[in-house]
Student: 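My structure is below; once you've seen it, I'll send some questions.
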2 protein chains.
Amino acid sequence: MTVTLADVAARAQVSPATVSRVLNGNYPVAASTRERVLRAVDELDYVLNGPASALAAATSDLVGILVNDIADPFFGIMASAIQSEIGGPGGRAGGERLAVVCNTGGSPERELTYLTLLQRQRAAAVVLTGGAVEDSAHVEAVGSKLCKLAAAGTRLVLCGRPPAPEAITLTFDNRGGAHRLTEHLIALGHRRLGYIAGPVERTTTRHRLEGHRAALAAAGIADDPRLTVHGPYDRRAGYAATLELLCRDPSLTAIVAANDTVALGACAALRDSGLRIPEDVSVAGFDDLPFAIDAVPALTTVRLPLAEAGARAGRVAMGREEAPPGGIATVRGKLMVRGSTAAPRSAGRAG
Amino acid sequence: MTVTLADVAARAQVSPATVSRVLNGNYPVAASTRERVLRAVDELDYVLNGPASALAAATSDLVGILVNDIADPFFGIMASAIQSEIGGPGGRAGGERLAVVCNTGGSPERELTYLTLLQRQRAAAVVLTGGAVEDSAHVEAVGSKLCKLAAAGTRLVLCGRPPAPEAITLTFDNRGGAHRLTEHLIALGHRRLGYIAGPVERTTTRHRLEGHRAALAAAGIADDPRLTVHGPYDRRAGYAATLELLCRDPSLTAIVAANDTVALGACAALRDSGLRIPEDVSVAGFDDLPFAIDAVPALTTVRLPLAEAGARAGRVAMGREEAPPGGIATVRGKLMVRGSTAAPRSAGRAG
DNA sequence: CTGTTAGCGCGTTCAC
DNA sequence: GTGAACGCGCTAACAG
């Protein structure tokens with residue numbers, strides 16, 4: 001019922017092998033023959049059988065992209081950029097590659113499950129994005145999974161994730177970005193800063209927090225553990241954490257959030273508490289997602305070149321761009337100072 | 001080198017067929033045998049070969065999801081919801097299904113290309129999301145492609161897209177939502193409303209615009225074509241269109257945007273023009289994406305149940321939920337009145 | 001409940 | 001430059 005390569009061959013009066021060569025284009029074929037084959041393909045409305053092709057060639061045109069949450073623009077932007085670079089020449093049958101997006105929801109188990117599923121599909125490459133869970137058992141499990149994938153010929157790239165020996169890595173300088181951000185706040189005169197951290201045991205959370213604390217330490221500001229609250233990377237967490245921080249220390253003059261989404265929640269909580277931004281409390285985010293500039297006042301944050309990093313990850317995954325020296329490249333964030341941060345009201349007296 | 005099903009069979013002292021049955025779980029196997037097989041699988045670290053399995057069974061565990069732009073939360077939210085429902089029991093080898101997300105960028109050619117690629121992969125199902133391009137040649141081309149996919153056993157679902165005879169459809173009531181939104185503005189006393197429409201020749205654009213115009217007509221307000229500007233669904237377009245509208249008619253008191261993202265751009269343009277929202281100009285969006293509530297003032301918009309619709313589309317695609325009567329279900333939007341809309345300043349006099 | 005036997009549709013050696 | 005033959009790894013009948 002379904003038309004196969006053999007049918008095309010029969011109609012074009014050539015052997016199946018020749019049809020295969022024409023379709024994959026990586027073999028010399030006489031122009032006239034090629035045209036005849038192509039016409040037959042067209043007339044028969046033939047579509048290559050991907051699984052059969054993958055089986056015979058022992059490799060597929062699938063590229064896995066692991067994300068924590070595809071509904072979050074942070075991942076959506078990277079996924080989009082990666083996907084835009086995986087097509088083009090080089091693959092089987094036209095070089096079109098398909099992106100398999102896997103939503104792990106930040107769950108270690110699902111991450112492993114998806115990696116196995118991708119291994120099963122004989123994925124040509126896999127890109128893991130975003131922060132990783134720090135549990136050592138999981139790190140080891142992922143590492144061994146990555147080794148197996150690599151052994152099977154799957155190219156591995158980490159994007160916005162800490163380096164792993166098994167893969168080429170484009171990591172974000174979360175620590176440095178956070179450091180500069182808090183430094184900026186301190187320079188404005190802030191001394192009591194609340195910090196809304198991400199979920200515990202995530203590398204992103206830890207690195208950003210470390211950068212924040214390092215900046216505090218460098219300025220001789222004692223780190224008050226009561227001024228750090230952990231929570232998920234969402235708006236509600238930012239809202240709740242802000243109320244909590246305000247309650248713990250009504251005198252704080254600035255709130256640094258783990259990311260922009262959380263910062264938006266913080267802004268809402270502040271407004272609902274009758275506090276003005278930045279007059280009463282400064283707020284800062286991280287990532288510089290598209291909506292950050294539309295917050296009122298516009299959000300001071302650290303811009304991560306998500307699209308650029310994703311695009312590069314995609315090219316590296318396809319072998320179209322050389323891996324960075326040592327297999328690791330660090331991508332820096334850029335401090336974006338906007339209206340949500342200003343000197344605290346007491347700065348005149350205090351400074 | 002790579003371990004195959006035969007290796008597992010040998011180690012478990014059973015036939016390859018039995019191993020297959022255990023792995024796919026859709027066939028009676030003695031508990032003791034199953035356990036032996038499972039142990040062998042574990043010891044050998046065996047991973048099923050997806051392509052081989054798909055070839056033999058003539059169906060794969062891949063589900064295609066076509067989106068215009070995965071970096072846009074509108075699509076990210078739907079994709080996430082769809083994906084959350086495609087796993088679970090029913091498929092081969094544990095029922096885990098993989099989501100192949102295809103970014104068409106709104107291009108008809110890429111849409112067709114991706115459909116062909118999905119056909120090549122023998123996708124178990126394909127969900128097309130968001131508005132469609134209205135060019136008749138393209139509509140026909142997509143229709144014929146969908147027929148072929150359906151003929152090959154691929155389940156087809158349209159989510160947030162106008163009905164097509166070839167697929168089960170969950171469509172959004174864009175027209176009705178837009179109608180209610182503009183009605184709300186008119187009730188507040190607005191008479192000069194600017195409309196920032198989406199790209200031309202897209203169903204979403206047309207339906208929302210039609211709803212808007214119908215509301216104007218119902219209120220006896222003449223439709224001034226100069227008060228409608230088309231543009232892409234992004235922030236910059238909203239910004240530029242607003243400046244243009246302001247220039248064309250400085251007396252307008254409200255701006256209705258094609259979606260929330262565009263509305264955000266409109267707000268920025270208004271602020272930069274020294275106009276207050278909603279005192280000088282009211283602004284309304286569409287979709288109610290997560291950030292809409294964080295705009296200042298919070299955005300009046302029409303909430304589309306993206307996650308619910310996506311989840312339902314996923315279930316329908318998997319045959320886990322019965323198709324709606326007639327194969328078509330219309331999902332209504334809900335008007336969310338918030339701070340960005342209010343009576344125009346002249347309302348006291350005018351009304 | 002389990003083993004045997006055929007393909008699934010294509011890529012890839014080899015020869016010619 | 002082209003054809004013939006084999007096998008990729010698995011599932012699906014069919015027996016038993």
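Predicted, not measured: the structure shown is a model, and the values here were computed from it. Letters A, B, ... are given to chains in the order of the sequence lines, protein chains preceding strands, and every chain is numbered from 1.
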Student: When you measure from the side chain of B:T2, which nucleotide among C:dG11, C:dT12, D:dG9 comes out closest?
Tutor: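 Within the option list, the nearest is D:dG9.
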Student: Applying a 4.0 Å non-hydrogen cut-off, can you work out what B:A30 is touching in the nucleic acid: base, sugar-phosphate, or nothing?
Tutor: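 Counting heavy atoms under 4.0 Å across all strands, the contact made by B:A30 is with sugar-phosphate only.
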Student: Is the phosphate of C:dG11, meaning OP1 or OP2, less than 4.0 Å from a side-chain N or O of A:N24?
Tutor: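 Checking C:dG11 against A:N24, a side-chain N or O does come within under 4.0 Å of OP1 or OP2.
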Student: Side chain of A:S20: nearest nucleotide among C:dT2, D:dT11, C:dT12?
Tutor: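 Closest nucleotide to the A:S20 side chain: C:dT12.
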Student: B:E85 pairs by side-chain contact (heavy atoms from CB on, under 4.5 Å) with which of B:R320, B:M318, B:E321?
Tutor: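 Answer to the side-chain contact (heavy atoms from CB on, under 4.5 Å) test with B:E85 among B:R320, B:M318, B:E321: B:R320.
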Student: Please name the residue in the list B:V41, B:V47, B:L44 that meets the side-chain contact (heavy atoms from CB on, under 4.5 Å) test with B:V3.
Tutor: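 Single pass found, and it is B:L44.
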Student: In whole Å, what is the span from the CG atom of A:L44 to the P atom of C:dG9?
Tutor: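 The distance from CG of A:L44 to P of C:dG9 comes to 14 Å, rounded to the nearest Å.
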Student: Could you state the CG-P distance from A:L23 to C:dG11, rounded to the nearest angstrom?
Tutor: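 A:L23 atom CG is separated from C:dG11 atom P by 7 Å.
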Student: Does a side-chain N or O from B:T33 land closer than 4.0 Å to OP1 or OP2 of C:dT2, or not?
Tutor: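 B:T33 to C:dT2 OP1/OP2: side-chain N or O found under 4.0 Å.
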Student: Taking any heavy-atom pair under 4.0 Å as a contact, classify B:V14: base, sugar-phosphate, or nothing.
Tutor: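 It contacts sugar-phosphate atoms only.
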Student: State the CG-CZ distance between A:N68 and A:F74, to the nearest 0.5 angstrom.
Tutor: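 It is 8.5 Å, given to the nearest 0.5 Å.
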Student: Can you tell which of D:dT11, C:dT4, C:dG11 lies closest to the side chain of B:S15?
Tutor: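 Ranking D:dT11, C:dT4, C:dG11 by closest atom to the B:S15 side chain puts C:dT4 first.
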Student: Just compare C:dG11, D:dA4, C:dG3 and give me whichever is closest to any side-chain atom of A:A17.
Tutor: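 The nucleotide sitting nearest to the side chain is D:dA4.
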Student: If you only use heavy atoms from C-beta on, which nucleotide in D:dG1, D:dA4, C:dG9 is closest to the side chain of A:P28?
Tutor: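 Ranking D:dG1, D:dA4, C:dG9 by closest atom to the A:P28 side chain puts D:dG1 first.
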Student: Rounding to a whole Å, what distance do you find between A:R36:CZ and D:dG1:C1'?
Tutor: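 In whole Å, D:dG1 C1' lies 12 Å from A:R36 CZ.
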Student: Compare the minimum distances between each of D:dT2, C:dG11, D:dT11 and the side chain of B:L48, then state the nucleotide with the smallest one.
Tutor: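 Out of D:dT2, C:dG11, D:dT11, the nucleotide with an atom closest to B:L48's side chain is D:dT11.
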Student: Among B:E134, B:E111, B:E166, exactly one meets salt bridge (charged side-chain N to carboxylate O under 4.0 Å, His left out) together with B:R161. Which residue is that?
Tutor: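 Among B:E134, B:E111, B:E166, the one meeting salt bridge (charged side-chain N to carboxylate O under 4.0 Å, His left out) with B:R161 is B:E111.
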Student: Could you give the CZ-to-C1' distance, from B:R34 to C:dC1, as a whole number of Å?
Tutor: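 Rounded to the whole Å, the gap is 12 Å.
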Student: What is the distance, rounded to the nearest whole Å, between atom CD of B:Q13 and atom P of C:dG3?
Tutor: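 Rounding to the nearest Å, CD of B:Q13 and P of C:dG3 are 10 Å apart.
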Student: Among side-chain atoms of A:T104 and A:S107, is any donor-acceptor pair under 3.5 angstrom?
Tutor: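 Not at all, the side chains of A:T104 and A:S107 share no donor-acceptor pair under 3.5 Å.
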Student: Identify which nucleotide among D:dT11, C:dG11, C:dT4 has an atom closest to any side-chain atom of B:L5, counting heavy atoms from C-beta outward.
Tutor: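 Among D:dT11, C:dG11, C:dT4, the one nearest the side chain of B:L5 is D:dT11.
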Student: For the base of D:dG3, is there a side-chain donor-acceptor partner from A:R21 under 3.5 Å away?
Tutor: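 Yes, the side chain and the base share a sub-3.5 Å donor-acceptor pair.
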Student: Can you identify which nucleotide, out of C:dG11, D:dT2, D:dG9, has its nearest atom closest to the A:Y27 side chain?
Tutor: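 Looking only at heavy atoms from C-beta outward on A:Y27, the closest nucleotide is D:dT2.
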Student: Nearest to the B:A56 side chain among C:dG9, D:dT2, C:dC8, which nucleotide is it?
Tutor: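 Out of C:dG9, D:dT2, C:dC8, the nucleotide with an atom closest to B:A56's side chain is C:dC8.
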